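Values reported hereafter were calculated over all heavy atoms of this structure, with side chains retained and with hydrogens, waters and symmetry mates removed. This is a predicted model, so every value here is computed, not measured.
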Amino acid sequence: MEEKKLQKLLEDMSLQEKIEQLVQLNGLFFGSSEQLTGPAAAFRLSEGQAYRTGSVLGEHGAARLKKLQDRMMAEQPHHIPALFMADVIHGYRTAFPVPIAIGSSFNPSLARRIAEAAAREAAAAGLHVTFSPMADLVHDSRWGRCMESPGEDPWLNARIVENMVRGFQGEDVSEKGRVASCVKHFAAYGAAQAGRDYNVTELSEHTLFEDYLPAYRAAVEAGACLVMTAFNTIDRRPCTTSRRLLRDLLRGDMGFEGVVITDYSAIKETISHGTSEDERDAARQAMLAGCDIDMMTSCYLHELEPLIRDGRVPESLLDEAVLRVLKLKNVLGLFEHPYKDASEEDEQQLLFCPEHQALSREAAEETIVLLKNEGVLPLSPDRKIVVIGSLAEDRAIVGSWAVFADRSQTVTLREALETLYPEADVTFFASDAITEDMLSAAAEADTVLLALGENETWTGESRSIADISLPASQKKLFDAVRAAARKTVTLLFGGRPLAVPEIAQQTDALIEVWLPGSCGCCALADILFGKVNPSGRLSMSMPWHTGQLPISYAAFQTGRPKPETDRFVPFVSNYMDVPNRPLYPFGFGLSYSEVTYGPVCLNTDTLTSGGSLQAEAVIENKGPLPVKEAVQLYIRDLHGSVVRPVRELKGLEKICLAPGERRTVRFTVTEEMLRFYDADMHFVSEPGAFRLWIGHDSLTENGADFRLE
């Protein structure tokens, strides 16, 4: 539809029609019965009003949504189609590894392919918008929703989310197999105090701008059609009613022109925050701040009209919001094709199709992280293996936000091992309860695999925990098995980094499996037996102890820095009981190959504004297996007008090396890469000394110095 026709449509709409376009309701309102009960009844909808609202949350399925669209267009006076939105976070029917694992691939192009596959399935099921990617940076693994985040690093998060936006939307979001992307949660939701979900945040302006905003900015620049507000506060204002955040930063500074949608019931929740007096006041503040769609409250539905009649909210703001919603529907092509890609036939062909299953498996191959290996891996199928732990047969390992996945299709570790390696001598004890038979079998085995950690019910929204160590029952199980077994391989499942220092010290091998998706255990089996060489890297640092949280490799130097030792040193910044450093740092991950890095070479040791320098190192695979190596570039500004991180990721190249292959990896460094917010919040670079590293992880010391002039 042409722009002028959209404008004419807006002019023809009544005030009530316009308000209804800004209301989103979930499936409770669209059941077989017209009599609403419970929470739905509290919305006080008039007859048929639910079918006149602008968008629907969480409903899915081609047949269901085509029928629902017919009804909504029939009820709506101007026959405007509805938007169908849902959480397709890391897959629709086919579940891919959770986003924190996708970050651990250190492969942004893989994130794009995952989003493309998820979009194909979701679009066939009739959906128009996905609430993904989550761009929230996180340093605290107590927060259950860290499983939805790409990780702890601003640069890597930005590369992951921009690729996911492009994967979901393509070049033209109206094309078949594409869905609109809603980046969330704006802003800094991952900084919730004490790692507790829905909690407030307290951030300096520098921290907000330098660490938390870059990933959202990257998603906006990649063309994300929507942005979702966050539940938390920033500068002691709820994000949903913050004009500075939504109008000044998002729309003004970042240039976002799309739709802003609240998170679930967020407008009404500002009353509980104590910043809104009642629903009318909450609606007024949200509209003035720039929220377009009110998800699952009646604040806009009942309170905007009197606010506009009384002159407390300009009708022009309502018109702007409605026009943005109409433009989104138009960009998706819904006025011409209200069903968009909904197709029962395509659902049959695409949902959990072999191609997507293969991608789920491939993705897990690159996201599983080998953390320790003292010669026990890879396994040999002619040796006796015992697998212990309830997670070995658990199907709830795809992620709590894989809401449309069929858990009966999840490949368990047991199924993967028995199907892919039937010749192997493997015995299973899929229980966390210690028995004599279990310990006897462990004593006789050459190697014991212990499946520990968390399943999907322990991590996700509202699933924050105060202690990120293993449950006491699993610690007891590990101690008993380790005492009996010759060799142990510990497999950590879950959506967050756990604190497992004792296990890391005592086990012979340690693997971070994450929540690997529908077919991820097939990848795990191949890694265990050496068919696949592991290449994942930690997207979040693993701490020694919960008390270290929040933690990040990109920390600041203090006035009393700790010397290079893990021992306690009085009168400097350190703990008496654990080191400052993480157990395993950001970017860390092993393979079955020996990969070496030659010294960093610079083509010049001086960088000028408008110029560039080249930094390179020779990478060699000295092992007998092909390897995927995530080559990482870090930079430190050695002296700034404000404190600067000890190092920051500024570049990445994931390369494939054949056995014996050597390759030169080269990075271009420009003045723009060195910019930061100075003491006056100007985004600048400052002349002076810098250090640059090229290496395997965030602790590499393979570096060289240069100056910016």
Under 3.5 Å, is there a donor-acceptor pair between the side chain of [X] and the main chain of [Y]?
X: S541; Y: F586; value: yes
X: N107; Y: A111; value: no
X: T201; Y: A191; value: no
X: K562; Y: F568; value: no
X: H356; Y: T94; value: no
X: N533; Y: P626; value: yes
X: S593; Y: V595; value: no
X: E374; Y: D508; value: no
X: K622; Y: E661; value: no

| Going through the checks in order, is the side-chain contact (heavy atoms from CB on, under 4.5 Å) test met by T412 and R395? | CA-CA 6 Å; T412 67; R395 298 188 188 279; 3.7 Å; yes

So do [Y] and [X] actually touch side chain to side chain, heavy atoms under 4.5 Å?
X: W514; Y: M147; answer: no
X: I694; Y: V665; answer: no
X: F588; Y: M542; answer: no
X: Y592; Y: P534; answer: yes
X: I388; Y: F429; answer: yes
X: P582; Y: P543; answer: no

If the threshold is 4.0 Å, N to carboxylate O, is there a salt bridge linking [X] and [Y]?
X: D87; Y: K184; result: yes
X: R644; Y: E210; result: yes
X: K628; Y: E366; result: yes
X: E701; Y: R647; result: yes
X: E362; Y: R113; result: yes
X: D446; Y: K487; result: no
X: K654; Y: E629; result: no

| note | Residue pairs meeting salt bridge (charged side-chain N to carboxylate O under 4.0 Å, His left out), one or both in residues 459-472, sequence neighbours left out, come to R145-E461

| task | Among residues two or more places apart or on two chains, list those pairs meeting salt bridge (charged side-chain N to carboxylate O under 4.0 Å, His left out) that have a residue in residues 190-203. | result | E202-R236

| request: Indicate the ring-plane relationship of Y212 and H139, choosing parallel, tilted or perpendicular according to the 30° and 60° boundaries. | output: tilted

| With under 30° as parallel and over 60° as perpendicular, where do the rings of H185 and Y189 fit, or are they tilted in between? | perpendicular

| query | Under 3.5 Å, is there a donor-acceptor pair between the Y584 and D697 side chains? | reply | no

| field | Flag for T457-N455: side-chain donor and acceptor within less than 3.5 Å | value | yes

| message | If you apply the rule side-chain contact (heavy atoms from CB on, under 4.5 Å), what do you find for L492 with I511, and how did you get there? | response | CA-CA 6 Å; L492 285 178; I511 296 179; over 6 Å; no

| query | Stepwise, does the side-chain contact (heavy atoms from CB on, under 4.5 Å) test hold for F428 with V386? | reply | CA-CA 6 Å; F428 293 87; V386 170; over 6 Å; no

| said: I need the full list of side chain to side chain donor-acceptor pair (under 3.5 Å) pairs touching residues 421-430, with sequence neighbours left out, sorted by first then second residue. | reply: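 Sorted result for residues 421-430: Y421-D526.
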
| query | When you look at F404 and E121, which way does the side-chain contact (heavy atoms from CB on, under 4.5 Å) test go after all the steps? | reply | CA-CA 10 Å; F404 305 112; E121 292 193 6; over 6 Å; no

| Qualifying residue for side chain to side chain contact (heavy atoms under 4.5 Å, CB included) with N157, from P99, S539, S149 |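 Result for side chain to side chain contact (heavy atoms under 4.5 Å, CB included) with N157: S149.
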
| message | For the aromatic rings, using the six-membered ring if either is Trp, is the centroid distance between Y634 and Y553 under 6.0 Å? | response |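 Aromatic pair counts; centres sit under 6.0 Å.
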
